[in-house]
Student: 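My questions will all concern the structure given below.
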Amino acid sequence: PLTIEIDDLVVRHASDHKALDGVSLRLTPGKRVAIVGPSGAGKSTLLAVLMRLVEPESGSVKVNGVDLTDLAGDDVRTLMTGLTQDPYIFRASLRDNLRLAGPDVGDERLTRAVRDARLDTWVERTGWDAELGEDGKTVSGGQLQRLALARALLYDPPVLLLDEPAEALDEETADRLMNDLLDVTRDRTTLLVTHRLKGLEPVDEVVVLEEGRVVQRGRHDELVAVP
Ligand code: ADP
Ligand code: ADP
């Protein structure tokens with residue numbers, strides 16, 4: 001179990017403009033947090049700080065009390081698995097894509113047996129069985145994103161970072177993916193970045209960012225007039 005405390009982050013990419021201007025956030029085990037806000041609000045920048053791709057000007061990120069900057073790069077990658085708009089896939093069945101690929105494929109702690117067992121659990125939970133024989137190069141965008149999610153979960157990351165996972169999908173597919181996603185991340189520390197407020201009812205905390213600042217936070221039904 002992992003707690004991430006983000007305290008008063010300020011990030012400047014260039015010039016005087018602050019991409020993040022004093023953002024604080026607490027991620028605790030089993031809590032799903034969504035960051036919403038218009039383009040340019042700083043959502044990707046926040047994820048980039050968590051993945052240690054961007055150095056904040058001030059403020060801190062602590063992982064179970066340890067400063068993120070004191071963790072080894074490998075540890076950060078093991079802790080936080082990201083899911084992007086553009087999942088990597090190779091020419092093989094979806095099942096093989098799930099069994100063979102992944103960020104830590106050489107990781108001896110994650111044996112074939114463990115991966116297969118987790119894959120079975122995933123299939124059972126999603127009913128996503130028939131499609132697993134299909135070629136990864138021919139499936140739809142929605143299936144690709146579900147694949148990416150399944151693949152991320154096989155590594156059982158303590159923290160799951162999701163950057164606009166439904167971005168490239170049509171409305172109906174996006175709805176279905178978000179449903180799956182919120183279901184399988186129920187017990188996990190999850191940070192979801194999205195500009196869609198729709199479907200975020202189950203999320204524990206929705207944080208609205210605008211111009212690098214938190215302008216609202218609360219459960220979906222507590223928010224007022226979000227664009
Ligand atoms: P969002 O993900 O909410 O669209 P971003 O984090 O991408 O927002 O961007 C926040 C602000 O920082 C924007 O003003 C954007 O133009 C700026 N920005 C983002 N990345 C960079 C970068 N690599 N260099 C300079 N400015 C950047
Ligand atoms: P997103 O909203 O998903 O961040 P953007 O189109 O805002 O997508 O940004 C795409 C990429 O360009 C990101 O890697 C971001 O960091 C970078 N970027 C955004 N704004 C700027 C900017 N003003 N200068 C340089 N890079 C930028």
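One-based numbering, in listed order, for ligands and for the atoms of each. Model, not experiment: these values are computed from the prediction.
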Student: Which is it for Pro38 and ligand 1 at heavy atoms under 4.0 Å: side chain, backbone, both or neither?
Tutor: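 Only the backbone of Pro38 comes within reach of ligand 1.
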Student: May I ask you to check if ligand 1 and Ala19 share an N or O to N or O distance below 3.5 Å?
Tutor: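 Not met; the criterion fails.
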Student: Any Lys/Arg nitrogen of Glu134 or Arg95 sitting under 4.0 Å from an Asp/Glu carboxylate oxygen of the other?
Tutor: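 Here Glu134 does not pair with Arg95 in a salt bridge, since their nearest N and O are not under 4.0 Å apart.
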Student: Dump the intermediate steps for salt bridge (Lys or Arg N to Asp or Glu O under 4.0 Å) on Glu55 and Arg12, then the final yes or no.
Tutor: CA-CA 9 Å; Glu55 191 91 3; Arg12 233 186 273 263; over 6 Å; no
Student: Could you tell me whether the side chain of Asn64 and the main chain of Thr3 form a donor-acceptor pair under 3.5 Å?
Tutor: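 Such a contact is found between Asn64 side chain and Thr3 backbone.
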Student: What atoms of ligand 1 come within less than 4.0 Å of a heavy atom belonging to His17?
Tutor: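 Under 4.0 Å from His17, ligand 1 has these atoms: 14 (O).
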Student: Using a strict 4.0 Å cut-off to heavy atoms of Thr45, name the atoms of ligand 1 that fall inside it.
Tutor: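 So the answer, numbered in order with elements, is 5 (P), 6 (O), 9 (O), 10 (C).
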Student: Are Arg213 and Asp21 within salt-bridge range, i.e. N to O under 4.0 Å?
Tutor: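 A salt bridge links Arg213 with Asp21.
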Student: Side chains of Asp135 and Thr138 only: does a donor on one sit below 3.5 Å from an acceptor on the other?
Tutor: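 Absent: no donor and acceptor within the cut-off.
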Student: Just which atoms of ligand 1 are under 4.0 Å from any heavy atom in Ala41?
Tutor: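 What qualifies from ligand 1 is 1 (P), 3 (O), 8 (O).
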Student: Of all the atoms in ligand 1, which lie at a distance below 4.0 Å from a heavy atom belonging to Ser39?
Tutor: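 What qualifies from ligand 1 is 4 (O).
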Student: Taking Arg52 for the side chain and Leu71 for the main chain, is one N or O donor matched with an acceptor at less than 3.5 Å?
Tutor: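 Looks like yes, one N/O pair under 3.5 Å.
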Student: Ligand 1 versus Ser44, non-hydrogen atoms closer than 4.0 Å: side chain, backbone, both, neither?
Tutor: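 For Ser44, backbone and side-chain atoms both sit under 4.0 Å from ligand 1.
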Student: Please confirm whether Gly37 comes under 4.0 Å of ligand 1, counting heavy atoms of the residue only.
Tutor: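 Checking ligand 1 against Gly37, which is what was asked, there is no heavy-atom contact under 4.0 Å.
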Student: State the atoms of ligand 1, each with its element, that fall below the 4.0 Å cut-off from a heavy-atom position in Gly42.
Tutor: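 Under 4.0 Å from Gly42, ligand 1 has these atoms: 1 (P), 3 (O), 5 (P), 6 (O), 8 (O), 10 (C).
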Student: How about Ser44 and Asp163: do any of their side-chain heavy atoms sit closer than 4.5 Å?
Tutor: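 Ser44 reaches Asp163 side chain to side chain.
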